[in-house]
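These notes are about the structure you will find just below.
Protein chains get the first letters and strands the later ones, always in sequence-line order, with residue 1 at the start of each.
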Amino acid sequence: MSQDAPNYKDTLNLPKTDFPMRGDLVKREPTRLKAWEDAGLYGQIVTKRKAEGAPDFILHDGPPFANGDVHMGTALNKVLKDLVVKSRTMAGYHAPYVPGWDCHGLPIEFKVVKATRGLAPAEIRTQSEAYARKYIDIQRNSFKRLGVFGDWGKPYLTLDPSYEADIVRTFAKFVENDLVYRSKKPVLWSYGAQTALAEAEVEYQKRTDPAIFVKFPLATGELAGKSSLVIWTTTPWTLPANLGIALHPDFKYVRADFTNESGEHTENLIIAEDLLEQFTAKTGWKPVEGDEWRTTLKGADLEGVEAQHPFLDRTSKVINALFVTAETGTGAVHIAPGHGSDDYVAGQQNQLGLLSPVDDDGNFTDEVGVPELVGQHVFKANERVIEILKEKGALLGREDYLHEYPHCWRSKTPIIFRAVEQYFIRIDKLRPTALEEIDKVTWLPHWGRNRIYGTVESRPDWCISRQRTWGVPLPIFYPPQGEAMIDPELARKVADLFETEGTNLWFEHDDAWWAEKLGLPEGTRRCTDTLDVWIDSGTSHVAVLDKHPELHTPADLYLEATDQHRGWFQSSLMVSVAVRGSAPYKAVMTHGFVVDKDSKKKISKSDGGRTKPMDAEHFIGKFGSDILRLWVSSVDWQNEVPFGEELFKQTSETYRRIRNTLRILLANLYDFDPVADAVENDQLTLIDRWILERLHGVVTDCADAYEKYEFRRVFNTLNQFCAVDLSSLYVDITKDRMYCDAPGSLRRRATQTAMSRVFEDLTKLLAPILAFTSDEAWEFSGKTESVHLERFPKPDTAFAGGEATETVNELMKARAAVQQEIEKARQEKTIGSNLEAAVQLSLPDSPLLNNDLATDEALGEFLIVSDLKIVRGAPELGAEVKPTENAKCQRCWRHLSTVGSQAEHPALCDRCADVVGTVELNVA
RNA sequence: GGGUCUGUAGCUCAGUUGGUUAGAGCACCGCCUUGAUAAGGCGGGGGUCACAGGUUCGAGCCCUGUCAGACCCA
């Protein structure tokens with residue numbers, strides 16, 4: 001190579017683009033976001049589809065709780081929803097998305113009350129609202145930053161007065177349909193703070209209580225008068241409310257004569273076999289020697305018999321329950337339905353009734369049935385109860401028992417379980433329709449159907465009242481005389497007031513004001529309870545879908561994490577069945593929880609101090625939203641979703657590849673005008689036809705995958721298409737023609753024609769996932785409108801045939817054989833690049849390789865070798881490689897026999913000499 | 001403890017109605033490339049398909065059990 005050789009590089013058509021190689025997402029995404037917002041892009045999209053008369057697709061947003069920052073689980077959910085909305089929009093639907101927030105509820109109230117003590121209810125509510133609004137703003141910013149499109153200016157909030165009014169009106173409908181009743185149910189009660197508590201407001205502290213063994217003689221059945229059950233309890237004060245004894249149906253119980261330590265007394269007792277030793281050790285009562293005195297029975301054998309209460313004139317029913325354990329006690333559990341939640345459920349199932357003879361201060365009421373106990377505090381009464389048992393000869397043993405016992409977080413006093421009046425919805429009236437409706441809904445994954453069916457089948461009546469402040473008040477009144485007024489008309493009047501004034505009205509005015517306003521008798525009090533927040537969110541189909549002009553019921557899709565089978569999906573279904581007799585959704589999709597990639601365990605906020613970041617903002621700030629979105633698309637949402645920082649690095653690599661593929665396509669199209677330069681289909685070469693056939697497959701597959709919400713199939717398909725078909729094959733193979741052929745040559749224009757179509761379709765297919773990057777690339781291709789206003793491409797049937805694909809698949813075998821041989825030579829350092837190889841390819845006859853497209857020239861191009869001899873009709877596929885003896889063309893770097901054949905350009909091959917001639921002429 | 005699920009290379013995923021040596025991408029190792037260059041190409045190593053039984057001529061795919069994990073309930 002002489003020093004004064006012409007610089008042929010300037011005669012090449014090298015790729016050219018300003019589309020940056022690096023995404024710089026963290027910096028660049030906010031700019032695009034701003035542009036979208038300024039242009040009102042979401043509104044444009046919705047308006048456009050509406051104008052087209054596009055069919056509706058309604059994804060109804062389940063409202064996240066307005067508390068805390070957006071963590072990865074919430075981000076996953078929101079991005080999945082956005083993938084649905086964007087892909088349905090691009091599939092041609094009018095898919096408005098109205099996001100919402102769940103605002104009422106204990107966690108917020110608890111934080112407010114904790115921060116400032118002694119607040120009046122109205123103040124608690126004002127501060128709770130401020131708290132909720134603060135986090136709504138924080139979360140909204142994160143969701144927007146993630147590229148989620150929606151009506152962010154007008155989201156629905158469960159604290160909106162109109163929403164609250166609809167909750168109350170919905171309650172009125174419940175009443176009208178005879179679904180509401182009043183009944184007692186035990187709650188965690190703090191007599192120190194005189195209020196009901198939630199589990200979260202309870203602190204566990206060590207406490208010593210008397211644990212006692214109490215005899216209950218059997219009063220009916222075969223063993224009546226012959227034998228006694230023995231219970232063990234750490235709350236002797238609940239014995240006056242005892243209404244049952246629970247045995248495990250499958251446990252083995254021993255019936256035997258026992259004698260006490262002194263041997264003076266003998267009792268015939270029934271004790272779980274596994275707890276016999278413990279019982280003897282703790283009480284001193286031991287079985288009389290000799291097997292003839294012992295018999296065994298199953299818990300199931302005694303079901304239904306009655307036992308005599310040790311000091312009250314009534315009996316306790318023996319029932320079976322699976323929660324009975326063989327760890328402590330006797331295997332017979334004292335059941336006081338008014339003083340425990342297991343007890344309550346067991347009482348319901350066995351019609352035991354309910355007693356709860358304790359007032360707000362924790363003192364016994366008349367109902368206790370023992371005159372001397374009335375007015376005594378329950379914990380003080382423990383000792384007296386024990387004495388009474390002793391007097392009656394029912395006490396078999398006593399010990400001091402140290403245990404973790406719940407205490408009030410505020411007053412630090414021990415908690416008692418105490419039944420208070422609550423309001424319930426009769427689920428039995430809704431259950432048959434609810435179950436029928438479940439089978440009309442499409443559940444994704446399909447097993448979701450079983451999950452919700454199971455819960456609806458077995459759920460007890462719905463307790464809808466809460467002794468809380470931050471919620472929608474129960475519009476119920478208590479007149480000075482007579483029953484509680486649960487009246488739909490009254491409730492609607494209240495709702496109308498709430499509609500304009502908000503629910504704070506309930507707390508800002510006193511009973512007298514309300515009585516006068518509603519024309520109720522003087523002295524009428526209003527209910528101080530609020531509604532269960534599951535009513536709030538479960539009413540969204542009424543307050544949002546029915547109300548919003550762009551939406552309607554039933555929604556096409558609800559999409560939440562699997563825990564909502566029991567939560568929102570169920571509450572929405574129940575409310576909907578109650579008010580309209582049908583399900584509020586046509587389809588329900590659930591995704592798994594985000595779990596730690598390494599341990600496959602749920603990421604907890606405190607994993608032994610080594611807290612891993614899980615805030616979405618952390619990852620947005622470090623990688624950018626498109627990476628997070630790409631991660632969401634790559635993952636199997638049906639199961640637990642693995643998550644970790646390494647995964648983001650991995651996803652970033654995939655992103656880089658896709659981005660660079662878009663970039664090289666753009667760069668190769670810099671001088672291409674689709675209108676003027678596009679080539680007819682029949683002018684395309686083998687490789688062009690092949691990539692368009694591949695494109696046909698990709699477009700078809702992605703449309704199908706998007707339709708089924710199988711985003712990771714889209715991810716895999718497009719990743720494969722970019723990495724293998726485009727980057728490693730098509731772009732690599734066409735480099736020579738793109739760079740070295742004359743700019744306007746048919747062959748080059750053919751490839752640009754194909755690349756232009758590939759770029760457009762690929763960008764559109766990526767748009768729902770890479771919301772920012774695809775829009776950026778779209779812009780760089782010269783488009784003035786956002787890619788998000790486009791529709792998905794339609795597969796071009798001209799390339800559905802697959803002839804080129806069959807040929808290329810055949811050639812891929814030859815390519816593998818050649819590459820392996822070249823690699824050997826390369827490792828031996830006999831050649832460097834592919835173009836330095838002289839290849840002899842033995843090719844067996846194949847109809848696929850005997851067509852117009854599979855010319856020797858096309859094969860050489862396909863294999864990216866310059867010196868290729870093909871022996872067709874060989875017995876088997878094979879390749880031989882040695883260094884080529886041809887000279888290297890200084891322009892296209894191929895080693896060809898034609899180099900130097902044109903005297904004007906001794907360093908160039910035929911083709912290049914021709915091209916350079918043209919270019920120079922053009923320049924001149 | 002119960003219900004509903006899940007378990008394929010280091011990681012994320014494919015594996016068609018059970019049928020020849022289980023596939024990609026990323027990561028890893030080696031080489032090439034400086035005309036996609038904070039890019040690109042080629043080659044390679046790596047899986048007893050959680051484990052143990054069973055059905056079958058034949059199982060990653062079907063059945064049973066065990067183990068591990070997730071959600072809900074208790």
Side-chain angles (χ1 to χ4, degrees), chain A residues 8-17 19-22 248 250 321-325 341-342 345 445-455 457-459 561-567 570 590-602 630-631 633-636 638-644 646-647 649-668 712-713 715-720 722-724 727-729 731-733 735-736 738-740 815-816 818-829 831-836 864 891-893:
Chain A
Y8 291 113
K9 185 169 175 177
D10 295 341
T11 69
L12 296 171
N13 314 297
L14 293 180
K16 205 189 288 181
T17 182
F19 185 74
M21 177 172 282
R22 290 170 60 85
H248 196 292
D250 302 327
L322 297 175
F323 60 75
V324 177
T325 67
S341 54
D342 278 346
V345 173
H446 67 274
W447 47 258
R449 180 262 176 203
N450 287 348
R451 274 197 78 158
I452 191 161
Y453 200 93
T455 48
E457 219 172 13
S458 63
R459 75 154 296 162
T562 56
D563 57 339
Q564 299 303 331
H565 279 119
R566 198 184 180 77
Q570 205 209 177
T590 52
H591 63 261
F593 273 61
V594 171
V595 297
D596 184 72
K597 175 184 82 66
D598 301 315
S599 63
K600 296 276 186 205
K601 284 182 186 169
K602 191 186 173 184
L630 192 58
W631 163 72
S633 78
S634 75
V635 114
D636 179 9
Q638 293 193 40
N639 297 117
E640 306 95 80
V641 176
F643 167 76
E646 285 164 64
L647 269 181
K649 287 183 188 142
Q650 185 176 317
T651 308
S652 301
E653 288 305 307
T654 307
Y655 173 83
R656 196 167 50 80
R657 178 68 71 109
I658 294 172
R659 185 178 179 93
N660 273 314
T661 303
L662 291 174
R663 181 169 178 269
I664 189 66
L665 291 174
L666 277 172
N668 272 331
R712 99 199 121 137
R713 229 174 87 214
F715 170 88
N716 282 327
T717 302
L718 294 180
N719 182 26
Q720 203 79 349
C722 287
V724 180
S727 190
S728 146
L729 290 172
V731 172
D732 209 32
I733 288 167
K735 269 179 188 170
D736 177 73
M738 286 305 302
Y739 302 171
C740 306
R815 185 181 144 95
V818 168
Q819 290 290 8
Q820 274 164 27
E821 286 308 307
I822 289 179
E823 188 57 31
K824 268 186 210 161
R826 200 178 357 248
Q827 299 284 344
E828 288 161 8
K829 305 285 182 194
I831 62 164
S833 84
N834 266 25
L835 295 172
E836 292 166 20
I864 323 184
R891 185 165 173 275
C892 70
W893 295 347

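Using a 4.0 Å heavy-atom criterion, one finds that A:Asp636 contacts the sugar-phosphate atoms exclusively. Residue contacts shown for A:Leu12 include a base, since a base heavy atom lies under 4.0 Å away. At a threshold of 4.0 angstrom between heavy atoms, the contacts of A:Trp631 with the nucleic acid are absent. Here A:Glu653 lies in heavy-atom contact (under 4.0 Å) with sugar-phosphate atoms only.
Rounded to whole Å, the separation between the P atoms of B:rC26 and B:rA39 comes to 13 Å. Annotation: B:rA52 and B:rA68 have their C1' atoms spaced 15 Å apart (nearest Å). Nucleotides B:rA50 and B:rG45 are separated by 24 Å at their P atoms, to the nearest Å. Across B:rA59 and B:rC49, the matching C1' atoms stand 11 Å from one another, rounded to whole Å.
The backbone N or O of A:Gly832 sits less than 3.5 Å from a side-chain atom of A:Arg826, completing a donor-acceptor pair.
In this model, a side-chain donor or acceptor of A:Glu823 finds a partner on the base of B:rG30 within 3.5 Å. Looking at A:Ser727, its side chain comes within 3.5 Å of the base of B:rA36 through a donor and an acceptor atom. For B:rC11, the base has no donor-acceptor partner in the side chain of A:Glu646 [N/O atoms by modelled type, under 3.5 angstrom].
Along RNA chain B, the nucleotide closest to A:Val635 and the one closest to A:Arg815 are compared, and the more 5′ of them pairs with A:Val635. Along RNA chain B, the nucleotide closest to A:Asp563 and the one closest to A:Asp732 are compared, and the more 5′ of them pairs with A:Asp732.
For A:Arg657 and B:rC26, the shortest distance from a side-chain N or O to OP1 or OP2 is below 4.0 Å. Between A:Ser458 and B:rG3 there is no side-chain N or O to OP1 or OP2 distance below 4.0 Å. Phosphate contact (OP1/OP2 of B:rG41, side-chain N/O of A:Lys735, threshold under 4.0 Å): absent.
Counting to the nearest Å, the P atom of B:rC42 and the CD atom of A:Glu836 are 17 Å from each other.
Salt-bridge annotation for A:Asp732 and A:Lys735: present, with a side-chain N of the basic residue lying under 4.0 Å from a carboxylate O of the acidic one.
A:Cys892 and A:Leu835 make their closest contact through O-CD1, 4.4 Å (heavy atoms, listed as atom of the first residue, atom of the second, distance). Across every non-hydrogen atom of A:Phe593 and A:Ala561, the tightest pair is CE1-CB, 3.7 Å.
Stacking of A:Tyr739 onto the six-membered ring of B:rG35 is not present when judged by under 5.5 angstrom between centres and under 30° between planes.
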Q: Begin from the C-alpha positions of A:Glu646 and A:Lys649 and carry the test salt bridge (Lys or Arg N to Asp or Glu O under 4.0 Å) through to its verdict.
A: CA-CA 5 Å; A:Glu646 285 164 64; A:Lys649 287 183 188 142; over 6 Å; no

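Of the candidates B:rC11, B:rC32, B:rC73, the closest approach to any side-chain atom of A:Leu647 belongs to B:rC11.
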